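Comments concern the structure below.
Here is how names work: the chains are called A, B, and so on, in the same order as the sequence lines, proteins then strands, and each is numbered from 1. Everything numeric in this text was worked out from a predicted model, so none of it was measured. Side-chain atoms are counted along with the backbone in the values below, which use heavy atoms only and exclude waters and symmetry mates.
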Amino acid sequence: MTAPTIRVQSENFDLQVEIDALTAGRKDIGAVVTFTGLCRDEQGQLFALELEHYPGMAEAEMRRIADLAMTRFSLLGLTAIHRYGKILPGENIVLVIAAAPHRQAAFDGANFVMDFLKTAAPFWKKEHAADGTAGEWVPAKDADDAAREKWR
Amino acid sequence: MTAPTIRVQSENFDLQVEIDALTAGRKDIGAVVTFTGLCRDEQGQLFALELEHYPGMAEAEMRRIADLAMTRFSLLGLTAIHRYGKILPGENIVLVIAAAPHRQAAFDGANFVMDFLKTAAPFWKKEHAADGTAGEWVPAKDADDAAREKWR
Amino acid sequence: MKVNLVYFAWVRERIGKGEEEIDLPDSVVTVRDLLEHLKGLGEEYENAFQYTNVIRVAINQEHVEHDEPIAGAREIGIFPPMTGG
Amino acid sequence: MKVNLVYFAWVRERIGKGEEEIDLPDSVVTVRDLLEHLKGLGEEYENAFQYTNVIRVAINQEHVEHDEPIAGAREIGIFPPMTGG
């Protein structure tokens, strides 16, 4: 079992580069599922999101979630990258890649990591409005807690 | 609703290029899920897979499946690319990309397309052994039919 | 009735060709009739269609069941269960 | 007992700083005790901890419940529900 790749960074990422790093030289991977979360524009009123995180704990928590997923779904590889700082509409926020011999494990692994990452990884989003007004912190969604419950 | 991108080709594909084509200039997409199917080596005995397809019908069937998924999961975009010809262990076979406002629709859309693509798109795999012996056609799996049933 | 038949994967290999145009007697009405008719065309066909229940058929590039009438078909694709993806 | 406190998001903004070291009285045993204690340190703290039940806490960078003892904590992170991903 390869250790998951975990990164918290301000720069963007390239999916193909990250997948290549995960699958290079391997012939046992039959399925790779990726999830990319992007900054959506809320009806043209959003200038940018600002992503704050808890340095150290963010990586540690992502690693705990990744390790759980590796074991639970017998994954062959996992990458989780979360950006911080200012992110414009249409830009990437988060990437999860799960690799497995077969497709359902890869789908479940990536989905599981996202559900836990949303509710347990210490990141917070603040909205900056297009009209320059002071930003509001995005409220947590009950739906995200509910999504996490499906893995019990 | 953007029409799905459907391609049947012998060349490899680059995920980031395909995602960029799907999301370029858009600010309404919050989630992109990709599935990549790769050629696995069966215990070091596989030299290559040969993918045969029914030209014309392969594209038509992929488009029918893609249209179903777009409607059912209210997707904002969908790309499905299937390769044909000789494919070595570790190389890509198939790519599905589903884009949606939120994550579950993107996950379900990509998963649905793969389940139907496996059982309904006219492609066939033949194995060529590492020792040069004549290839065997890969038998269809009951598990693939069962996977498709979950969408009824 | 004349139709174009196209074969794929081991159906193609067993018959020894990828396509052919054949003339069908009026008694061939459904896909099932067609497969039984083909089975009688020689050893290679008998070999390809030994178990007709596993054979998949598409008329004009759309999947059909074995009880589907073939009237009006321009192209009939005949092949084993699919294994793509 | 001295501990390092780190604040994030609107907890940080309301208190007006990102971190501080504070000296706690012996009566502060659990996370819940800590939050109640902080609430009494001034208007900005009262504002941040008006509804303590929504506040999330991590001890040494691991999530804990409000009934967790804080003994031995080097760093206590205090923040709103997370909204990443």
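Counting all heavy atoms, side chain and backbone alike, Met82(C) lies closest to Ala140(B) at O-CB, 4.2 Å. Here the shortest heavy-atom pairing between Gly85(C) and Met114(B) reads CA-CE, 4.1 Å. Closest heavy-atom contact between Glu13(C) and Trp137(B): OE1-NE1, 2.8 Å. Nearest heavy atoms, Val138(B) versus Thr83(C): O-CG2, 3.2 Å.
Per-residue counts of heavy-atom pairs under 4.5 Å with chain C were compared for Pro139(B), Ala58(B), Ala80(B), Gly56(B); the largest is that of Gly56(B). Ranking Phe35(B), Phe123(B), Tyr84(B) against chain C, the residue ahead of the rest is Phe123(B), based on heavy-atom pairs under 4.5 Å.
With a 4.5 angstrom heavy-atom cutoff, Arg64(B) touches chain C only via side-chain atoms. With a 4.5 Å cut-off on non-hydrogen atoms, Val54(C) does not touch chain B at all. Proximity to chain B (any heavy atom under 4.5 Å) is shown, for Glu62(C), by both the backbone and the side chain.
Sparse packing is recorded around CG of Asp142(B), with 12 or fewer heavy atoms of other residues, nucleotides or ligands lying under 6.0 Å away. For Glu11(B), the CD atom sits in a packed shell: over 12 heavy atoms of surrounding residues, nucleotides or ligands are nearer than 6.0 Å. Taking a 6.0 Å sphere around CD of Glu19(C), one finds it holds 12 or fewer heavy atoms contributed by other residues, nucleotides or ligands. Heavy atoms from other residues, nucleotides or ligands lying under 6.0 Å from CD of Glu21(C) number more than 12. Around atom NZ of Lys2(C), no more than 12 heavy atoms belonging to other residues, nucleotides or ligands sit under 6.0 Å away.
Each of Tyr7(C), Trp10(C), Phe79(C) was checked for a ring-ring contact (aromatic ring centres under 6.0 Å, His included) with Trp124(B), and the lone residue meeting it is Phe79(C).
Looking at Glu75(C) and Met57(B), their side chains never come closer than 4.5 Å, going by heavy atoms from C-beta outward.
The interface of residues 22-32 of chain B with chain C, defined by heavy-atom distances below 4.5 Å, is empty.
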